[in-house]
Amino acid sequence: MMPGHIAAADGKNVLSISAGIITSVWQPGTFVDVDDARDAMLAVAQISGGIPMPMLSEMTDVEISAAARYEFAQTTGVLAIAVLGSSTVDRVIAAAMSRHTRYPHEFFTSRDDAMAWLNNFTASGHSGGYTDGISALA
């Protein structure tokens, strides 16, 4: 694992790790295309040393192409993703992203709730969490 922060997607995304959880912050108002998604996933592998970990992804007011959503869904570099957003549009984008994922994926409007959910995946590497995709929506 690399300490500090890594910028990806031409600076649109910044990644860091704390307490076994990757944090990915996308600049509000950005558009994420497939190249941005690929670059972000390469940065995830770099910062995590190739070890799959849970991730908090802050994506408030971010537009993501269908190809980028598919690319994110195919990653094997994460154990679970909590998407943190603030609007109905953020929630819809997160729901669209979860269609093809191979890992638990939930949307939250509270950072504390998102981190609590992700902590379920740090101790044993894979456990718990919401399974219906709706319970986390509060």
Side-chain angles (χ1 to χ4, degrees):
M1 286 182 281
M2 292 189 65
H5 297 78
I6 293 179
D10 294 324
K12 296 178 189 177
N13 181 235
V14 176
L15 298 112
S16 61
I17 294 179
S18 179
I21 296 173
I22 300 166
T23 299
S24 170
V25 179
W26 289 89
Q27 286 185 352
T30 59
F31 177 79
V32 180
D33 63 24
V34 69
D35 292 328
D36 295 330
R38 287 181 182 136
D39 192 51
M41 291 297 92
L42 287 172
V44 165
Q46 183 180 5
I47 199 167
S48 69
I51 299 167
M53 304 172 93
M55 175 189 283
L56 174 67
S57 184
E58 295 186 27
M59 302 188 94
T60 301
D61 191 31
V62 173
E63 187 178 345
I64 304 170
S65 73
R69 288 193 304 268
Y70 183 79
E71 189 72 23
F72 283 132
Q74 300 310 304
T75 186
T76 58
V78 297
L79 295 176
I81 291 185
V83 176
L84 184 61
S86 62
S87 71
T88 303
V89 172
D90 295 337
R91 185 177 303 206
V92 169
I93 290 170
M97 288 180 64
S98 70
R99 289 186 190 139
H100 303 288
T101 59
R102 297 179 178 139
Y103 47 81
H105 182 282
E106 299 294 337
F107 177 83
F108 296 87
T109 56
S110 161
R111 174 182 275 276
D112 290 343
D113 290 347
M115 294 302 284
W117 182 75
L118 287 171
N119 281 326
N120 290 319
F121 300 92
T122 59
S124 66
H126 183 70
S127 67
Y130 302 104
T131 57
D132 63 8
I134 297 172
S135 298
L137 303 178

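Heavy-atom basis, side chains included; hydrogens, waters and symmetry copies ignored.
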Nearest heavy atoms of F121 and L79, plus distance in Å: O-CD1, 3.8 Å
Contacts of S110 that satisfy side-chain contact (heavy atoms from CB on, under 4.5 Å) - sequence neighbours left out: D112, D113
F72 vs I81 side-chain heavy atoms within contact, under 4.5 Å: no
Spacing of CG belonging to L15 relative to OG belonging to S57, to within rounding of 0.5 Å: 8.5 Å
Hydrophobic cluster identity match, V34 and I64, side-chain contacts under 4.5 Å: no
ILVMFWY cluster, V14 and L118 together (side-chain gap under 4.5 Å): no
4.5 Å side-chain heavy-atom contact, T76 and P52: no
Flag, side chain of R38 to backbone of E71, donor-acceptor distance under 3.5 Å: no
T122 to P54 - nearest heavy-atom pair and separation: CG2-CG, 3.6 Å
Plane angle bin for W117 and F108 - parallel if under 30°, tilted between 30 and 60°, otherwise perpendicular: tilted
Residues in side-chain contact (heavy atoms from CB on, under 4.5 Å) contact with A116, at least two apart in sequence or another chain: none
Pairwise salt bridge (charged side-chain N to carboxylate O under 4.0 Å, His left out) hits with a residue in residues 4-25, at least two apart: K12-D36
Connected via hydrophobic side-chain network under 4.5 Å: V78 and V25: no
Rounded distance [0.5 Å steps], OG1 in T109 versus CG in L84: 7.5 Å
Donor-acceptor contact present, side-chain N119 to main-chain M115, <3.5 Å: yes
